[in-house]
Amino acid sequence: MSAKGRVRPAIHQSRVERGEYMTAAQLALAYLLDLLAGDPEWFPHPVRLFGGLIRVGERWLRGWATGPIGETAAGVTLTGAVVCLAWTLSRWRKPLWQVLLAWTTLATRSLLNEAGAVLRALEEGDLALARWRLARIVGRDTADLAESEIARAVIETLAESACDGIVAPLFWLAAGGVPLAMAYKAVNTIDSMIGHPEPPYRYFGRVAARLDDGANLIPARLTALGIAAAAKIHGLEARNSLAIWRRDGDKHASPNAGQSEAAMAGALTVRLGGTNFYDGEPRLRPLLCPEGRLPTARDVKAAMAVVATVSALAFGMALLALLRRTR
């Protein structure tokens with residue numbers, strides 16, 4: 001091995017020892033905690049802290065911000081404050097603290113639990129309960145949704161959240177440890193709350209939306225590949241998943257959300273997208289796999305299995321990356 005080749009592992013090792021990178025053992029423990037405990041209501045989750053700061057900051061900053069420039073400046077200030085908070089929380093290098101923070105960035109258990117609650121209500125034929133449970137995980141109006149629309153909403157949420165709550169955090173944990181993963185969760189939370197193209201957030205949330213687009217650019221595509229691989233494992237339509245992803249993945253207004261949703265639509269051969277209502281106002285989303293059938297509760301169950309497998313695959317890849325870094 002060359003001198004340069006020997007120096008690089010030594011640099012990585014020193015960064016691990018200083019706590020700048022996660023160890024494979026820390027990542028494994030954080031992932032296990034997520035699988036066992038999920039997101040308990042009693043736990044002081046950092047995302048709730050971010051959400052509180054965003055709500056307070058939005059009320060205060062938008063009180064004086066006027067015009068596109070003022071609103072953009074206010075949005076930059078709020079986004080920077082939340083990201084700085086996330087980064088500050090992660091600077092304490094105690095191993096247990098790093099594990100706990102890493103755990104909070106992951107959402108495999110909570111995502112599957114919430115989707116499973118809707119699925120059980122659908123299987124029992126209780127549409128009212130299914131709509132109520134669905135409202136916990138989506139922003140669209142759910143009061144009048146038919147069974148196929150409930151199934152569609154759950155599948156779309158599973159596909160998109162597989163990136164936001166599983167693959168992307170694991171990617172950033174492996175790439176830069178807890179600080180990068182926490183910064184990602186901060187940006188993702190800001191985007192979900194203010195990163196909307198409609199007024200009054202068009203300018204105020206623009207920076208948060210663009211940061212989130214950049215942070216998910218690679219993870220979203222890794223998620224789509226993971227969905228296709230999981231489809232192969234579960235005997236679903238893996239080739240169709242890849243084909244629909246290539247064809248329909250860029251139809252979505254978001255450069256990232258359509259990637260995993262298109263791959264999932266192809267894997268299940270179901271039609272996703274269409275008209276959603278938000279506070280009574282219709283919003284049309286492009287159809288993904290429009291030749292597919294209407295989704296059912298059975299497809300929700302298959303999508304849950306796919307996401308669970310994507311989670312395992314992403315964890316395995318992140319673990320291998322950390323092991324290779326410290327070898």
Side-chain angles (χ1 to χ4, degrees), residues 22 24 26-40 43 45-47 99-119 136-138 154-178 180-189 191-192 212-213 215-231 233-234 241 245 254 256-264 267-268 300-322:
M22 290 209 82
Q26 286 175 320
L27 180 66
L29 184 53
Y31 187 77
L32 182 61
L33 279 172
D34 177 54
L35 293 183
L36 294 176
D39 180 16
F43 188 76
H45 202 291
V47 168
V99 169
L100 289 175
L101 286 182
W103 165 35
T104 67
T105 68
L106 302 171
T108 299
R109 173 70 180 270
S110 60
L111 176 60
L112 294 177
N113 279 353
E114 295 291 348
V118 181
L119 174 62
R136 289 171 52 91
I137 57 174
V138 300
V154 179
I155 293 169
E156 289 172 353
T157 299
L158 281 165
E160 186 173 1
S161 297
C163 176
D164 296 349
I166 301 172
V167 175
L170 285 168
F171 175 84
W172 291 114
L173 283 169
V178 170
L180 274 187
M182 288 292 289
Y184 168 77
K185 293 304 288 187
V187 167
N188 191 243
T189 304
D191 177 62
S192 69
D212 187 72
D213 288 345
N216 279 310
L217 197 64
I218 296 174
R221 286 146 185 82
L222 292 176
T223 304
L225 283 172
I227 288 172
I233 291 170
H234 289 282
S241 177
W245 171 34
S254 164
N256 299 316
Q259 308 298 320
S260 54
E261 289 184 22
M264 184 68 82
L268 303 175
V300 173
K301 194 170 189 176
M304 289 176 61
V306 167
V307 169
T309 303
V310 168
S311 176
L313 292 172
F315 168 66
M317 294 301 293
L319 195 67
L320 284 174
L322 292 179

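Below, all heavy atoms of this structure are taken into account, side chains as well, without hydrogens, waters or symmetry copies.
- Taking both residues in full, the closest heavy atoms of Ala263 and Ser241 are given as O-OG, 2.7 Å, listed atom of the first, atom of the second, then distance.
- Atom CG of residue Leu170 and atom CG of residue Leu27 lie 6.0 Å apart, to the nearest 0.5 angstrom.
- Across every non-hydrogen atom of Val154 and Ala115, the tightest pair is CG1-CB, 3.9 Å.
- The shortest side-chain heavy-atom distance between Arg221 and Asn256 falls under the 4.5 Å cut-off.
- One finds the CZ atom of Arg136 at 13.0 Å from the OG1 atom of Thr157 (value rounded to the nearest 0.5 Å).
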Practice prompt. Show your reasoning for whether side chain to side chain contact (heavy atoms under 4.5 Å, CB included) applies to Leu158 and Val306.
Written response: CA-CA 9 Å; Leu158 281 165; Val306 167; over 6 Å; no

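- Rounded to the nearest 0.5 Å, atoms CZ (Phe171) and CD1 (Ile218) are 4.0 Å apart.
- For Val187, the side chain to side chain contact (heavy atoms under 4.5 Å, CB included) criterion is met by Val83, Leu211, Asp212, not counting sequence neighbours.
- Residues Asp34 and Leu106 approach most closely at OD1-O, 3.2 Å, considering heavy atoms.
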Discussion item. Using side chain to side chain contact (heavy atoms under 4.5 Å, CB included), reason through Leu173 and Val178 one step at a time and then give a plain yes or no.
Written reply: CA-CA 6 Å; Leu173 283 169; Val178 170; 4.1 Å; yes

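- Trp245 contributes no side-chain N or O that, together with a main-chain N or O of Gly258, makes up a donor-acceptor pair within less than 3.5 Å.
- Between Leu35 and Arg109, the shortest heavy-atom contact is O-NH1, 2.8 Å.
- Leu32 is linked by a side chain to side chain contact (heavy atoms under 4.5 Å, CB included) to Leu36, counting only residues two or more places apart in sequence or in another chain.
- Expressed to the nearest 0.5 Å, how far CG of Leu111 lies from CG of Asp39 amounts to 11.5 Å.
- Under the side-chain hydrogen bond (donor to acceptor under 3.5 Å, both in side chains) criterion, no residue pair touches residues 168-177, with sequence neighbours excluded.
- Summarising the geometry of Thr105 relative to Pro169, their closest heavy-atom pair is O-CG, 3.2 Å, with the distance given to 0.1 Å.
- Legend: residues meeting side chain to side chain donor-acceptor pair (under 3.5 Å) with Glu160, ordered by chain and number and at least two apart, are absent.
- Across all non-hydrogen atoms, the minimal contact from Met304 to Leu112 is CE-O, 3.5 Å.
- Taken to the nearest 0.5 Å, the CG atom of Leu101 stands 9.0 Å off from the CE atom of Met22.
- Between atom CG of residue Leu225 and atom CD of residue Gln259 there is a gap of 10.0 Å, rounded to the nearest 0.5 Å.
- Applying the side chain to side chain contact (heavy atoms under 4.5 Å, CB included) test to Thr223 and every residue at least two apart in sequence or in another chain returns Ala162, Cys163, Val167, Ile227, Ser260.
- Contact of the Pro46 side chain with the Met182 side chain is registered, since non-hydrogen atoms from C-beta on lie closer than 4.5 Å.
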Discussion item. Asp164 vs Tyr184, test: side chain to side chain contact (heavy atoms under 4.5 Å, CB included). Steps then yes/no.
Written reply: CA-CA 9 Å; Asp164 296 349; Tyr184 168 77; 3.5 Å; yes

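- Sorted by first and then second residue, the salt bridge (charged side-chain N to carboxylate O under 4.0 Å, His left out) pairs involving residues 300-310 (not counting sequence neighbours) form an empty list.
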With a cut-off of 3.5 Å and sequence neighbours excluded, list every side-chain donor-acceptor pair involving residues 307-321.
{"unit_1": "Thr309", "atom_1": "OG1", "unit_2": "His234", "atom_2": "NE2", "d": "2.6"}
{"unit_1": "Thr309", "atom_1": "OG1", "unit_2": "Ala305", "atom_2": "O", "d": "3.0"}
{"unit_1": "Ser311", "atom_1": "OG", "unit_2": "Tyr31", "atom_2": "OH", "d": "2.6"}
{"unit_1": "Ser311", "atom_1": "OG", "unit_2": "Thr108", "atom_2": "OG1", "d": "2.8"}

